[in-house]
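Structure first, then comments.
We name chains A, B, ... by the order of the sequence lines, and we start the count at 1 in each one. Every value quoted in this text rests on a predicted model; they were computed, and no experiment measured them.
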Amino acid sequence: MTTALEPISLSRERAHALLRGMLRIRRFEEKCAELYSLGRIRGFLHLYIGEEAIAVGAMQSLGPEDAIVATYREHGHALARGMAPGAVMAEMFGKANGCSRGRGGSMHLFDAARRFYGGYAIVGGGLPIAVGLALADKLARRSRVTACFFGDGAVAEGEFHESLNLAALWKLPVLWLCENNLYAMGTALARHQAQTDITLKARAEGVRAEAVDGMDVLAVENAVHRAAEFIRATGEPFLLELHTYRFRAHSMYDAELYRSKEEVEQWKRHCPIAGLSQRLRDGGLLTAEDLFAIEADAMREVEEAVAVAEAGEWEPVEDLLRDVVTPREARAQ
Amino acid sequence: MTTALEPISLSRERAHALLRGMLRIRRFEEKCAELYSLGRIRGFLHLYIGEEAIAVGAMQSLGPEDAIVATYREHGHALARGMAPGAVMAEMFGKANGCSRGRGGSMHLFDAARRFYGGYAIVGGGLPIAVGLALADKLARRSRVTACFFGDGAVAEGEFHESLNLAALWKLPVLWLCENNLYAMGTALARHQAQTDITLKARAEGVRAEAVDGMDVLAVENAVHRAAEFIRATGEPFLLELHTYRFRAHSMYDAELYRSKEEVEQWKRHCPIAGLSQRLRDGGLLTAEDLFAIEADAMREVEEAVAVAEAGEWEPVEDLLRDVVTPREARAQ
Amino acid sequence: MIRMTYREAIRTALREALAADSRVFLMGEDVGRYGGAYACSKGLLAEFGEERVRDAPLAESSFVGAGIGAALGGMRPIVEVMTVNFSLLALDQVVNNAATLRHMSGGQFSVPLVVRMATGGGRQLAAQHSHSLENWYAHIPGITVLAPATVNDARWMLPAALREPDPVILFEHAMLYPMEGEVDESGAGVDLARAAVRRAGRDVSLITYGGSLWKTLDAAERLEKQGIDAEVIDLRVLRPLDMAMVFASIARTHRAVVVDEGWRTGSLAGEISAQIMENAFDELDAPVRRVCSAEAPMPYPKHLEDAALPQAERIVATVREIYG
Amino acid sequence: MIRMTYREAIRTALREALAADSRVFLMGEDVGRYGGAYACSKGLLAEFGEERVRDAPLAESSFVGAGIGAALGGMRPIVEVMTVNFSLLALDQVVNNAATLRHMSGGQFSVPLVVRMATGGGRQLAAQHSHSLENWYAHIPGITVLAPATVNDARWMLPAALREPDPVILFEHAMLYPMEGEVDESGAGVDLARAAVRRAGRDVSLITYGGSLWKTLDAAERLEKQGIDAEVIDLRVLRPLDMAMVFASIARTHRAVVVDEGWRTGSLAGEISAQIMENAFDELDAPVRRVCSAEAPMPYPKHLEDAALPQAERIVATVREIYG
Ligand SMILES: Cc1ncc(C[n+]2csc(CCOP(=O)(O)OP(=O)(O)O)c2C)c(N)n1
Ligand SMILES: Cc1ncc(C[n+]2csc(CCOP(=O)(O)OP(=O)(O)O)c2C)c(N)n1
Ligand SMILES: [Mg+2]
Ligand SMILES: [Mg+2]
């Protein structure tokens, strides 16, 4: 597995940016959980808590021209991509000022301006979309990367293999990011895959692959940086298997009968946020004041996001059928 | 790749049985092609000519208790499995005395008595069926092998990966037989797979795998024998990638624009039937008289099969809805 | 009579089936360790073990196909596809294999497979998790399609399905799992042949199934207050349809409204309506009307989801349109 | 006017589209080297190269999904799914992604994708290769569904589909490829909004689409000899349906028969019938009847396939049942 850069090689600014990036996601989702119990957020809510290092580390090497495809567990990716927290929170509320006009909710965040293509709730369903986005770039002779996030569970779906083969066969610039958190809902990786090394599956489809410690934001950043450079240089796909762990339940409905408290506690010791702050402290890159300030920023951002969501309007019922298809008038143009 | 046994280690009887096994399929299908041009056989007709060594070599190590799942290119498998040539030919004619009562035609041959489960025309569609048959055997504590034949094109379908994973994960006795004839219809293997080594894909799903020269019936027999023994001993799946080539068009509609005559001629030099007879002659196991007798038997068998088909009745139109579901009366029992 | 929830009724039926017949096993995503996405199989893993309560990887097409193969191999598999939304990935196996094998093989093979799946909207799960596609399954010759709407049907349709020699698809409406109801311990009167009159009435026939039954009964009560006596028919079996009971009802009421959570165009409600016209045209005093879901992907917010789904108000309003 | 086959009309339209717009590309199994399973793209690989005439592996779900992604990325993909029989493997991508993205994203994204597929029976291809599932696609909000039945529509519906900002599914009936017909070089009069009266008549409206159009016109001729003047309507666009033209016809004829190759229960014919009752009930002198396919997996032998599919004789007999 890729090992982390030494903290020492980090500038204070970048170190703080990474820590802030993860912390704001953590606080945002803790607030979401609270709002869910209050009934302000409904439907399914899948928290990313524990996995923040992946979205934050990955986004560092992706530019505005690159595209993102994610799953229903995508709050962290949306925030790390720079989507407005208020628009994301409003979406969770189902308000018209949400990033999907309130229609998608937690599982379907979209942002055309940031090339954030969603938000897919059928496991494996986003992978072919990523192939197509990369194919469009190749055909249009644009040098871009399409980053596609998905979980270990998606690896069992045929579409995973089909899509990797297409990307390799057609030499498409897709960065496959497999968030291996060891569980597909309640099914442990070893209980859904006979061969648990996902990089082997990628290679069997002709896709280069590497495993990375997904709890170490520096390791992720480094690995994604190199993978993205490979993709930009060759136009070919690359897969990173990111070892991580979900600290919370799969969704708010999950009683977590399938794993022990001990196992969860064990993993929490590898918390990407605590881990980084400790290393930065040890490396003299983070003071208590710094941390306090970062925390304060994060909390403020969350409160502002909630305020934006609270202030949002509901989409009028009359608009229910709007944008099912483009109205004829609009087509004329 | 597995290398062939020395012909010398063969008994005259077994040598002749293997040669006869392949030749009777060849002659049967040559007759089918003729009958197709006469309009006696309709719909799709996919000939196995050139690939006979696989079905014949494989069936040697499969007993009556084992199960067979095949594709739409399954005439050879049906005959090698011991299905009555007359019933198979009658099926091609669509007659009621056909092995599927005439309803399936060339692509859907069935024979419950011989555990020949068909005859699947959706590429990849038979693989999950094989997983289930093997699962039934495992749950019922029966020691049996389910042999599943499919082509290289099926490897691109997600079901291939899903099914191999299930078989390995659940330790199911499936013998996966990939007939790699280098083309999926008009698409060459290297044009549909980024990684053309199919054994690697099997291993990536936790399935042991080996490649074999599918034009050498002795090599196939040997490899299948060992694979079947492994499966019976461990209860785990095994995949054989059998390198072969289709001498005829994909189906009777195919203009073969995608490959050169030279390539086809080149491969015909590796004809499994000519190859074996030559080696048997060299090894002193086959005389001209022997070959003449085997040819005569094969021709007689084909003529008898056609006679059975010609003599068959058409299923009455009134029976169109029969066996869509079991009639209520029948259920009472 | 004992009271239990729809979920408990299904769990009771599953436990009973596993205990009664060693050929029966349950297979699907998270049916074991997790206890089932809707907790229907909670506790069954501990009771029957991993072999018979089998957690499957995310591979719908292959584990449904494996269910077909296991049925061919003599077992009585119960495959749980977590929801109808994911069943599209396995539809090829149902249409091209499960439904065709008996006929295509000239009657040589039988596929005694039961597939269970949750269906429907109402929980704010948005566009990809709120489908109601029972009509598509009801279109496929060779399979039987069930939609238990009551706790008693949830309890007894599964064992009846397991007695069928051919594939059965069982739709459990996700909104019904917590619903409490009475179960007749004898199982008497639950067959797979007949629809059921859930409320007798003289003025109009309201025909529905699954989760919409309760909204329809609610509408019937409101109509009663307005002096309209509605009969409510629960189709129960979506294939083959028991239209005889529907025609008999219309022969009494001469008016009908079909309530169906599917999108209107191409809905099962359309089929019911067409068959009513074909067979009871002269009985009709007014055209058959439909109350279906809005033709849009399901939106997440409650107010929009409520507007998209059939509701008692809309049923009442529709009845009033054709009545008097 | 120039004469060509249905196949040539499609090839001409494909060539024109590839030449006219660099964003257009054709992707599917065997569209390149092989020339297309039905030879629709024969010669196009040589003319436009591998990038734009792209042979795909057997991976329907992923290359259809890739078409959706490419459309999101600004291209104008034409995805050929060899036949509707294989499209079930890609149905999830159509239902959950192509059809939902615009609405679910609040109008931010557009999926200008065209998916072509052959459909229908009649060539003795048996149970797994003879499906006619247009009704399922016509049920999906968010997409447009086309069924060119004439050579002129085959020629002009594709360019019209490519002008649509949202997904379009184009069904080509496999029996029509060799059919010859006239093409209006101007392309005038081909839109995606209206059905077409293919034969004017006073006595009964025969409503159909796709491959059944020709059997229906044949039936109309036979009926004429029996003194019944039938109007034949070709729906052309299966979603959204142009029912206005159907109602207008029925307002003249007061009788209707719908002819549809799909299995009867849950057929598109049922939807048409239901909408006629809902909107033209008082115009009807007789119940609307349907001529559909027998509810069985398609058998291989010619005599059984002919018996399973709609035929002119059956259409004539059905009209006579409701006429006079
Ligand atoms: C095709 C499909 N099947 C089942 C589900 C139900 N489901 C939602 S998430 C999930 C587990 C996915 O696990 P993984 O891919 O590892 O992602 P994670 O939730 O761990 O991030 C399941 C089974 C679904 N959404 N889609
Ligand atoms: C799912 C599906 N897609 C497409 C087809 C059309 N088709 C029939 S055979 C074939 C090629 C299959 O190639 P392979 O698996 O290598 O088998 P072979 O014909 O070479 O024996 C194709 C594309 C099909 N039958 N099923
Ligand atoms: Mg996971
Ligand atoms: Mg092949």
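Between the side chains of D/Thr119 and D/Glu134, a donor-acceptor pair is found at a separation under 3.5 Å. Side-chain polar atoms of D/Asp30 and B/Thr187 form a donor-acceptor pair below 3.5 angstrom. For the residue pair B/Tyr48 and B/Glu29, no side-chain donor N or O sits within less than 3.5 Å of a side-chain acceptor on the partner.
Judged by distance alone, with hydrogens and angles left aside, the side-chain atoms of B/Arg81 form a donor-acceptor pair with the main-chain N or O of B/Arg114 at under 3.5 Å. The backbone N or O of B/Leu47 lies less than 3.5 Å from a partner atom in the side chain of B/Arg73, making a donor-acceptor pair. Checking side-chain atoms of B/His46 against main-chain N and O of B/His75 turns up no donor-acceptor pair under 3.5 Å. For the pair D/Arg289 (side chain) and D/Glu321 (backbone), a donor-acceptor distance under 3.5 Å is absent.
Between D/Gly32 and D/Leu45, the closest heavy-atom pair is C-CD2, 3.8 Å. Looking at every heavy atom in both residues, B/Pro128 comes nearest to B/Glu159 through CG-OE2, 3.7 Å. In terms of heavy atoms, B/Leu239 sits closest to B/Phe160 at CD1-CE1, 4.0 Å.
Here the CD-CG distance, from B/Glu162 to B/Leu127, works out to 10.5 Å after rounding to the nearest 0.5 Å. Rounding to the nearest 0.5 angstrom, the gap separating the CZ atom in B/Arg259 from the CG atom in B/Leu182 is 9.5 Å. A distance of 11.0 Å separates CZ in B/Arg42 from CG in D/Leu125, rounded to the nearest 0.5 Å. Distance OG1/D/Thr208 to CD1/D/Ile315: 7.0 Å, rounded to 0.5 Å. With rounding to the nearest 0.5 angstrom, the CH2 atom of B/Trp176 is 5.0 Å from the OG atom of B/Ser163. With rounding to the nearest 0.5 angstrom, the CG atom of D/Leu309 is 4.0 Å from the CE atom of D/Met298.
Chain D forms more heavy-atom pairs under 4.5 Å with one residue of B/Val317, B/Asp323, B/Asp319 than with any other, namely B/Val317. With respect to chain B, the highest number of heavy-atom pairs below 4.5 Å among D/Leu304, D/Asn85, D/Leu58 belongs to D/Leu58. Between chain D and the options B/Ser106, B/Gly158, B/Gly104, B/Pro316, the largest number of non-hydrogen pairs under 4.5 Å is found for B/Gly104. Comparing B/Ala255, B/Ala156, B/Gly125, B/Ala154 by heavy-atom pairs within less than 4.5 Å of chain D, the highest count is held by B/Ala156. With respect to chain B, the highest number of heavy-atom pairs below 4.5 Å among D/His129, D/Arg123, D/Glu305, D/Lys302 belongs to D/His129.
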*For side-chain hydrogen bond (donor to acceptor under 3.5 Å, both in side chains), just list the numbers for D/Glu80 and D/Ser41, CA-CA rounded to whole Å, side-chain angles, deciding distance to a tenth of an Å, and then say yes or no.*
CA-CA 10 Å; D/Glu80 177 177 311; D/Ser41 50; 4.8 Å; no
*Verify side-chain hydrogen bond (donor to acceptor under 3.5 Å, both in side chains) between B/His77 and B/Glu179, making sure each step is shown before the conclusion.*
CA-CA 12 Å; B/His77 309 78; B/Glu179 303 179 314; 2.9 Å; yes
*Quick one: do B/His243 and B/Asn181 satisfy side-chain hydrogen bond (donor to acceptor under 3.5 Å, both in side chains)? Show the steps, please.*
CA-CA 6 Å; B/His243 293 280; B/Asn181 61 10; over 6 Å; no
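For D/Ala37, the parts sitting under 4.5 Å from any heavy atom of chain B are the backbone and the side chain alike. Looking at D/His303, both its backbone and its side chain come within 4.5 Å of chain B, counting heavy atoms on both sides. Heavy-atom distances place the side chain of B/Met107, and not its backbone, under 4.5 Å from chain D. Using a 4.5 Å cut-off between heavy atoms, B/Leu189 does not touch chain D at all. Looking at B/Tyr72, there are no atoms closer than 4.5 Å to chain D (heavy atoms on both sides), in backbone or side chain. Neither the backbone nor the side chain of D/Leu88 comes within less than 4.5 Å of any heavy atom in chain B. Only the side chain of D/Glu50 comes within less than 4.5 Å of a heavy atom of chain B; its backbone N, CA, C and O stay farther away. Using a 4.5 Å cut-off between heavy atoms, B/Glu256 makes no contact with chain D at all.
For residues 94-103 of chain B, heavy-atom neighbours of chain D at less than 4.5 Å comprise B/Gly94, B/Gly102, B/Arg103, sorted by residue number. Near-neighbour residues of residues 257-269 of chain D relative to chain B, defined by a heavy atom under 4.5 Å from a heavy atom of that chain, are none. Residues of residues 61-72 of chain D never come within less than 4.5 angstrom of chain B, heavy atom to heavy atom. By a heavy-atom distance cut of under 4.5 Å, B/Tyr253, B/Asp254 are the residues of residues 245-254 of chain B near chain D, going up by number.
Taking the six-membered ring for Trp and thresholds of 30 and 60 degrees, B/Tyr183 and B/Tyr258 have ring planes inclined between 30 and 60 degrees apart. Using the six-membered ring where Trp is involved, B/Tyr120 and B/Phe110 have ring planes that are perpendicular, over 60° apart on the 30 and 60° scheme.
The number of heavy-atom neighbours closer than 6.0 Å to CD of B/Glu265, taken from other residues, nucleotides and ligands shown, is above 12.
Put simply, the residue from D/Lys42, D/Arg52, D/Arg15 that forms a salt bridge (charged side-chain N to carboxylate O under 4.0 Å, His left out) with D/Glu47 is D/Arg15.
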